[in-house]
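Structure record follows, encoded as structure tokens.
Below, read A as the first sequence line, B as the second, and so on, with proteins coming before strands; counting in each chain starts at 1.
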There are 2 protein chains.
Amino acid sequence: MLATNIYRGVVDSEPGGRRGRTRALLLECALDLFEQQGYERTTVAQIASAAGVTEMTFFRHFAAKERLVVEDPYDPVIAGAVAAQPRTMAPLARAVAGLRAAWGRLPEPESAAVRRRVRIAAATPSLRAAISANNAATEQILVDQLVADGADPGPARVAAAAVLAGLTAALLDWSQRDGVALTDVVSAALDTLEGRR
Amino acid sequence: MLATNIYRGVVDSEPGGRRGRTRALLLECALDLFEQQGYERTTVAQIASAAGVTEMTFFRHFAAKERLVVEDPYDPVIAGAVAAQPRTMAPLARAVAGLRAAWGRLPEPESAAVRRRVRIAAATPSLRAAISANNAATEQILVDQLVADGADPGPARVAAAAVLAGLTAALLDWSQRDGVALTDVVSAALDTLEGRR
DNA sequence: GGTTGAAATGTTAGCCACTAACATTTACCG
DNA sequence: CGGTAAATGTTAGTGGCTAACATTTCAACC
């Protein structure tokens, strides 16, 4: 989900063939432009031309402009961690416990790069919307793990949505503070979601 | 927020001058078309022409296509209700308590009309994103009320985001079940957010 | 080393949401 | 009935995105 969302794009663009390089170049030019003049006021044509490439080529590497900032999740870890929590717990507590466990198993993100992208997202309403749209898949996985079989899926849906939204809020918050570790922010968010002060 | 979001558009289109009528007509034609062929595959030009009007006129009544389904909140009630909760509570619990109190003071929505719109939203990813984008203003109000002055706003942000997302999930869920009262679904969602089963 | 085949890129044309500037009609009020 | 403002129309354009088809580039193979 969220954090994973963000650094995925950096990870899987293994520099190798021409393809990987063009993609990385587009990404770099785009982030520079976004930081200079904002996401909305930056045009895909501008990005493409800055990378010495055609607009069409841009869309061959990124299905949409927002994909430069918001990436797809990789969620099997989360699913497993949530499933491993005792079924006796209430859905919200169970989701939180699962995510706490999952967080320990995820690689520590390349903070600087992540922060750069999340900062842009935090400053751009349409991108924040894109993030929640992007969380839909992870949310579904969470729901699948949380719903007691044969029972009302309502509570599971509510808990899944709440936890992901809370974590996303924490991530956006983190991107705008300096000198705070992402791990601490996430941990605090999970505390809050458990009803602690 | 959410529910209020949705029936607002129906409420404030008081049939009166030509303006109100054109707006209502556009809305009705649009919802019909959305239900018949889906939101994405319905074009603004189609809607306008079904209402016997120009595309330009459409945008004079609705700032964007999504505004046909997702509306702006009216939040002073929420702000007051949350502020009225004792500051000794943890942020999540305080937000939930405030919303529970606010819910009692809100007018019971015209269920059929609301359900129609929420159903469309539930079936359309981009509209679900639009809903959360639309919740941003309400979320900010919640945060303002939840943050202890001089303290870290992080927990307040997390709690506000989680509660709104949870309620939105409940609303989407409700739209797809028949014979369940919105009030019950909301109440159950607030329970879940308080950590109950 | 030249040939070939596939991957990467380019070109053109077009759809759709949305905006701006300006012209026209409609309805109501004095 | 005339005048005025709101409501609508017209035209032209921008930006994200897609489709269909042509072209280049690179690399493996002969």
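- For B:T43, a side-chain nitrogen or oxygen approaches OP1 or OP2 of C:dA17 to under 4.0 Å.
- Between A:E35 and A:R117 there is no salt bridge, since no side-chain nitrogen of the basic residue lies less than 4.0 Å from a carboxylate oxygen of the acidic one.
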Can you list the steps and then say if A:D152 with B:R177 is a salt bridge (Lys or Arg N to Asp or Glu O under 4.0 Å)? CA-CA 11 Å; A:D152 177 16; B:R177 309 181 180 208; 2.6 Å; yes
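- In this structure, A:S126 reaches neither bases nor backbone, as no heavy-atom distance under 4.0 Å exists between it and the strands shown.
- What separates CG of B:L25 from C1' of D:dA7 is a distance of 15 Å, to the nearest Å.
- In this model, a side-chain donor or acceptor of A:R60 finds a partner on the base of C:dG10 within 3.5 Å.
- Look at A:H61 and you won't find any side-chain N or O under 4.0 angstrom from OP1 or OP2 of C:dA8.
- Remark: A:K65 is positioned above the aromatic ring of A:Y39, its terminal NZ or CZ atom under 6.0 angstrom from the ring centre and at most 45 degrees off the axis.
- Going from atom CD of B:Q46 over to atom P of C:dC18 covers 15 Å, rounded to whole Å.
- Mapping A:F59 and B:T54 onto DNA chain D by nearest heavy atom places B:T54 closer to the 5' end of the strand.
- With respect to B:D178 and B:R119, a salt bridge is recorded, a charged nitrogen being found less than 4.0 Å from a carboxylate O.
- Atom C1' of nucleotide D:dA7 and atom CZ of B:R23 are separated by 15 Å, given to the nearest angstrom.
- Distance A:E55 CD to D:dT18 P: 11 Å, rounded to the nearest Å.
- The side chain of A:M56 lies closest to C:dT12 when the candidates are D:dT11, C:dT12, D:dC17.
- Using a 4.0 Å cut-off between a side-chain N of Lys or Arg and a carboxylate O of Asp or Glu, B:D32 and B:R116 qualify as a salt bridge.
- Protein atom CD of A:E40 is 13 Å distant from nucleotide atom C1' of C:dC18, rounded to whole Å.
- The distance between atom CZ of A:R67 and atom P of D:dG16, rounded to the nearest whole Å, is 17 Å.
- Taking atom CG of residue B:L26 and atom P of nucleotide C:dC18, one finds them 14 Å apart after rounding to whole Å.
- Close to C:dT9, at under 4.0 Å from its OP1 or OP2, lies no side-chain N or O of A:T57.
- C:dC16 atom P lies 13 Å from atom CZ of B:R41, rounded to whole Å.
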